[in-house]
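Here's the structure, in structure tokens; my notes come after.
In this text, all values refer to a predicted model and were calculated from it rather than measured experimentally. Letters go in sequence order (proteins before strands), and every chain restarts at 1.
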Amino acid sequence: MGIRVRYAPSPTGLQHIGGVRTALFNYFFAKSRGGEFILRIEDTDRERYSENALTDLNNTFNWLGIEVDEGPDKGGEYGPYVQSERTELYREHARRLVESGNAYYCYCSQERLEKLREKQANEKQDFGYDRKCREISVSEADEHKRDSTKPVIRLKIPLEGETVFHDYLLGEIKKKNIDINPDPVLLKSDSYPTYHLANVIDDHFMNITHILRAQEWLPSCPLHIVLYNAFGWKQPQYCHLPMVMGSNGQKLSKRDGATAVREFVEKGYLKEAIINHVSLIGWSYDDSREFFTKEELEKLFTLDKLNKAPGVFDYKKLDWFNGHYIRQKSNEELKELLIPYLVKYGFVEPEKLTEMAGFIDEIVSLTRDRLKVLSDIKELTWFFFKEVDSYAPEEIIPKKLDAAKTREILEVVKKHLPDVFSKPEEKVEELFKSLAESIGVKLGDFIMPLRVTVTGSNVSPPIIGSLKLLGIEKAAARIDRVINILNDEVGNNE
RNA sequence: GUCUCCUUCGUCUAGUGGUUAGGACAGCGGGUUUUCAUCCCGCUAACAGGGGUUCGACUCCCCUAGGAGAUGCCA
């Protein structure tokens, strides 16, 4: 039998970086070994269930280009792939465990469990269920049935011995049975299974061969082994992946910045960058290669290059990858990526897209080296579409110059404006150089007031290209406006 | 508290007994340049600590410390 792996998210929130990393590694592992990648929805927590989470999952997979071999939408011979549609299977197997003496009904109320926990915390005892119902008498059970307490089914963890399993990455892992979570719930009082039960049953019946999941599952793995043994099933191969951390060294969380894939998409991160960056947390290829496409990873990924230690998600490095992949795009591709942002910021109306195609082409080539994320387009190009709110004289006037000199620069530019718009860019640059020389200022000091005038900022795309794109009328109007401001300045100083 | 896992530059990592401990991001400096970027060049920076084993330890073993995760009728 070939390799079969699965990604089994719980639809309770947005897909985040950690989850996607797990999905990707499973996917790459399957692809590289000619195996099957299965998607299974673990929606057994009915309280936290969210329809939204499901669409977000689909969006994320579509965006990343992950295609599943079997799953809820795709189908497959091991379905259904949604746990809430498999509840009868779990109930039957839970009952079977009770019959075989590996599990038992527990009638303890939530209140009792809470008090128990409280007491354990106060008295600094070990945490966990006290196994009160493990040896419950028949008459006591009958009594509970009469008062219609909804029982749960708990697994009997052996009281002695130890459980050993093998992890591909971590090697042999031993745990004394008394240290395993004492008798975890398998079937909840709403008769839905817990993760532990459903996960083990599904992995078995879906013929999953390898389990690649985050290391946060490591502590409950012995429990799963006990379950496999109780059923008499062969356990799959385990490989617990190092976790993805935030900059504080703890589990990546919202306070670290964006964590949901959707947020990264909105900010204008490319899937190439996300895939590349995420793949290099906990995995490497060799001592120097750093760029990998999804297709390459589908061939190159191997378990033996995994790292044991958790890795911090570095936002700066993601930015760098993103800039790299933006620059990798053709102008045409980048234009398509940028258009939604131009529309979103109200710069371009959707119906004018074809009319403005040439204009947008220019914007793309003016900004492509300056974009870290696609949404940077807003700060970089707003002045083409909106008026400059206000000018601060201290922004306009270069440090070494005064208002009068600055005004002179703008007036001289104004005079030559027709040339600026009729000549090619190189000629305009020559023109500016000679004009700067003729009035005795450096080219930089000559251009900066013009830049602020035209773009409203002292940081902008190249000024000559920007000027030409803006158009002579708007350019002239902005120059006039600033000359007026400078007139006042000169007046004040006299 | 208890259990389990982890530990190379600030960060991601290469390294499997003998290396000037390599690369990348970030940072810093320089070059190109009309600003900012891009691009190019350079610099700073690490084997957590202590014991062993060995002719020789980043590499193997033990201890300590630190970190993380788990300890739910959440996954």
Inset, instruction - If a protein heavy atom is under 4.0 Å from the base, mark B; if only from the sugar-phosphate, S; if neither, -; do that for nucleotides 57-75 of chain B going 5' to 3'. - result: -----------SBSBSBBB

Inset, instruction - List the steps, then state whether ring-ring contact (aromatic ring centres under 6.0 Å, His included) holds for A:H210 with A:Y168. - result: CA-CA 10 Å; A:H210 297 254; A:Y168 181 89; 8.2 Å; no

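- Nucleic acid contact for A:P461: base, since at least one base atom lies under 4.0 Å from a heavy atom of the residue.
- Within residues 423-441 of chain A, the residues approaching RNA chain B are A:E429, by heavy-atom distance under 4.0 Å.
- Counting heavy-atom neighbours within 6.0 Å of A:E333 CD, excluding the residue itself, gives a total above 12.
- B:C62 sits 35 Å from B:A24 when the C1' atoms are compared, rounded to a whole Å.
- Summary of the strand contacts: A:L306 and A:K317 both lie near RNA chain B, and taking for each the nucleotide with the nearest heavy atom, the more 5' one is attributed to A:L306.
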What donor-acceptor contacts under 3.5 angstrom involve side-chain atoms of residues 443-457 of chain A, with partners at least two apart or in another chain?
from   : atom 1 : to     : atom 2 : distance (Å)
A:R451 : NH1    : A:S460 : OG     : 2.8
A:R451 : NH1    : A:P461 : O      : 3.3
A:T453 : OG1    : A:P449 : O      : 2.7
A:T455 : OG1    : A:R451 : O      : 2.7
A:T455 : OG1    : A:S457 : N      : 3.3
A:T455 : OG1    : A:S457 : O      : 2.9
A:S457 : OG     : A:V459 : N      : 2.9
A:S457 : OG     : A:V459 : O      : 3.0

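- Within 4.0 Å (heavy atoms only), A:K305 reaches sugar-phosphate atoms of the nucleic acid but no base atom.
- Taking the salt bridge (Lys or Arg N to Asp or Glu O under 4.0 Å) definition, one finds that A:R255 meets it with nothing, sequence neighbours left out.
- For A:K378, the side-chain contact (heavy atoms from CB on, under 4.5 Å) test picks out A:Y345, A:F347, with sequence neighbours left out.
- Computed from coordinates, the A:I180 CD1 to B:U2 P distance equals 19 Å when rounded to whole Å.
- Among the heavy atoms of the strands lying under 4.0 Å from A:I463 is at least one base atom, whether or not backbone atoms are also near.
- Looking only at side-chain heavy atoms (C-beta outward), A:D45 and A:T194 stay at 4.5 Å or farther from each other.
- At a cut-off of 3.5 Å, with distance as the only test, a side-chain donor of A:R91 or A:S191 sits close to an acceptor on the other residue.
- Here A:N307 reaches the OP1 or OP2 of B:A14: one of its side-chain N or O atoms lies under 4.0 Å away.
- Side-chain nitrogen and oxygen atoms of A:K308 include at least one within less than 4.0 Å of the OP1 or OP2 phosphate oxygen of B:C6.
- Residue contacts shown for A:D179 are limited to sugar-phosphate atoms, with no base heavy atom under 4.0 Å away.
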Legend entry - nucleotides 38-47 of chain B: protein proximity per nucleotide (B base, S sugar-phosphate only, - neither; heavy atom, under 4.0 Å): S---------

